[in-house]
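Please see the structure below; I have some questions.
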There are 2 protein chains.
Amino acid sequence: MLPSRLTNHAAMTANRIVDRALAQAGVRRYHYALLAALEEYGPASQAALGRRTGIDRSDMVAIVNDLAERHLLERAPDPDDRRRNIITVTAEGLGFLTHLDRLVADAQDEFLAPLSAADRRHLLDLLTRLVEPRD
Amino acid sequence: MLPSRLTNHAAMTANRIVDRALAQAGVRRYHYALLAALEEYGPASQAALGRRTGIDRSDMVAIVNDLAERHLLERAPDPDDRRRNIITVTAEGLGFLTHLDRLVADAQDEFLAPLSAADRRHLLDLLTRLVEPRD
DNA sequence: GCGCCAATGTTGGCTTGGCCAACAGTACAT
DNA sequence: ATGTACTGTTGGCCAAGCCAACATTGGCGC
C-alpha cells in the first residue's frame, strides 16, 4: 500500500469521525477552527483570522455570518480602522467552544483507539516530522 | 496539535507531492488509480473497475474517455454481456503506467524523506492499524 | 495638502471531487 | 413472460478552495 494512499485513508477516517462529532453540534470543521482561533488569539479582524486558520477571507464572511446568527460571536466595526470588523467570541460562544472541545477530544480518542499511548506519541512525532517545512 | 489535523496536514503534503509528480505526465490521481487497477486485475468492466478503485461509475465514464483518447486503454463492448464495456490497457498504456509508477515511487520517497527506513516502517504500521475496519 | 499603494470586507464566480437520480438497454431468475 | 438487477451514460447538485473585482479606508512619500 502506498504511504500517500495510507495517509489519505487515515485522514479520511479521522475526518469522518470528527465531522460526525461536530455535526452533533450543528457545525462544520471551519466553524470549530474559527472559534478555536478566536479563543487562542483573542478578538481579531476577519482577515487576520483567515490568515491564522488558512480560511480565505471571502469564505470567512459566511462563516462569521453563521456563528453570529447563533450569537456565538459578534462582528463589530473597528473604531481605530474602519476597514476592519473586530470579531469577538460571546460568553455563549465560549461555552459552546468548550462543548466542541469535548466532542473533538472524544473524536480524537475514537480515531486513535487502535493505538496504545506510546504508539500515539510515536505517530504524532512521525507525522510532525512529515509536515515540518522542508528545504 | 490535534492528531486529526496532523494527519490531514500530512495527507495534504503527500497529495501535493504526488499530484505534482503526476501532473508532469498530464494525469490526475484517478487516472493513475484506474491504470493501476487495470494492471492489477486485468481487463474489466467500468462498473467493476469503479468498485475496485472507489470511483463512481458515472465519473468513470470521463476518466476512461481521457485515457482512451490518449490510446492508453481501449473500450470495447463485451460480446458475452452487451451491457458491459471491457476496458483493456494498451501496450502504450502499460509503458505509460511504468513511467507513472516511477514518478509515484519517487514522490513517496520525497514525502517520506524526513524519516529513516525504520521510521517509515513504523509509520505504515501505525497508519494501517488506524484504517483497519473497526468493530 | 495630494497621490499612490496596500489592506479590508463583500459579492460573485470558477473549478475540482464526490455523490445521486434517471434513463435506456441488457441479463437473468422465477 | 415478467419482474428485478446490472451497466453505461447524461445531467445535475453540493461542498471546498480559490481568485477577481469592487468600494472603502488607511498609510505612505512628497
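Throughout, a chain's letter reflects where its sequence line sits, starting with A, and its residues are numbered from 1.
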Which residues pass the salt bridge (charged side-chain N to carboxylate O under 4.0 Å, His left out) test with A/Arg82, sequence neighbours left out?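 A/Arg82 satisfies salt bridge (charged side-chain N to carboxylate O under 4.0 Å, His left out) with no other residue.
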
Set of salt bridge (charged side-chain N to carboxylate O under 4.0 Å, His left out) partners for B/Asp109, sequence neighbours left out: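 Partners of B/Asp109 by the salt bridge (charged side-chain N to carboxylate O under 4.0 Å, His left out) criterion, ordered by chain and then number, come out as B/Arg120.
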
Distance check needed: D/dT9 P versus B/Asn65 CG, whole Å only.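 One finds 7 Å between P of D/dT9 and CG of B/Asn65, rounded.
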
Do the side chains of A/Thr13 and A/Ile17 get nearer than 4.5 Å, heavy atoms only?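 Yes, their side chains come closer than 4.5 Å.
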
I need the residues from residues 9-19 of chain B with at least one non-hydrogen atom less than 4.0 Å from DNA chain C; give them sorted by number, or say none.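 Nucleic-acid contacts, sorted: none.
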
Run the salt-bridge test on A/Arg70 and A/Asp66 with the 4.0 Å N-O cut-off and return the result as yes or no.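 Result for this pair is no, no salt bridge flagged.
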
Contacts of type salt bridge (charged side-chain N to carboxylate O under 4.0 Å, His left out), residue B/Arg28, not counting sequence neighbours: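 Salt bridge (charged side-chain N to carboxylate O under 4.0 Å, His left out) check on B/Arg28 returns nothing, list empty.
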
Separation of C/dG17 P from B/Met60 CE (nearest whole Å):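 For the pair B/Met60 CE and C/dG17 P, the rounded distance is 14 Å.
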
For the residue pair A/His9 and B/Leu130, establish whether any side-chain heavy-atom pair is separated by less than 4.5 Å.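 No, too far: nothing below the 4.5 Å cut-off.
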
Quick check on D/dT7: is either OP1 or OP2 less than 4.0 Å from any side-chain nitrogen or oxygen of B/Arg51?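 Answer yes for this pair, as a side-chain N or O of B/Arg51 is under 4.0 Å from OP1 or OP2.
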
Under 4.0 Å between a side-chain N or O of B/Asn85 and OP1 or OP2 of D/dT9?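 So the side chain of B/Asn85 is within the cut-off, an N or O lying under 4.0 Å from OP1 or OP2 of D/dT9.
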
Where along residues 22-50 of chain B does a heavy atom come under 4.0 Å from DNA chain D, residue by residue in number order?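 B/Ser45, B/Gln46, B/Ala47, in order of number.
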
Please tell me if the side chains of B/Leu67 and B/His31 come closer than 4.5 Å, counting only heavy atoms from C-beta onward.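 Answer yes - side chains close enough.
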
NZ/NE/NH1/NH2 to OD/OE distance under 4.0 Å, A/Arg121 and A/Asp125: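 Answer for the salt bridge query: no.
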
Quick tally for nucleotides 19-30 of chain C: nucleotides whose base has a protein heavy atom under 4.0 Å get B, sugar-phosphate-only ones S, the rest -, giving BB-B--BBS---

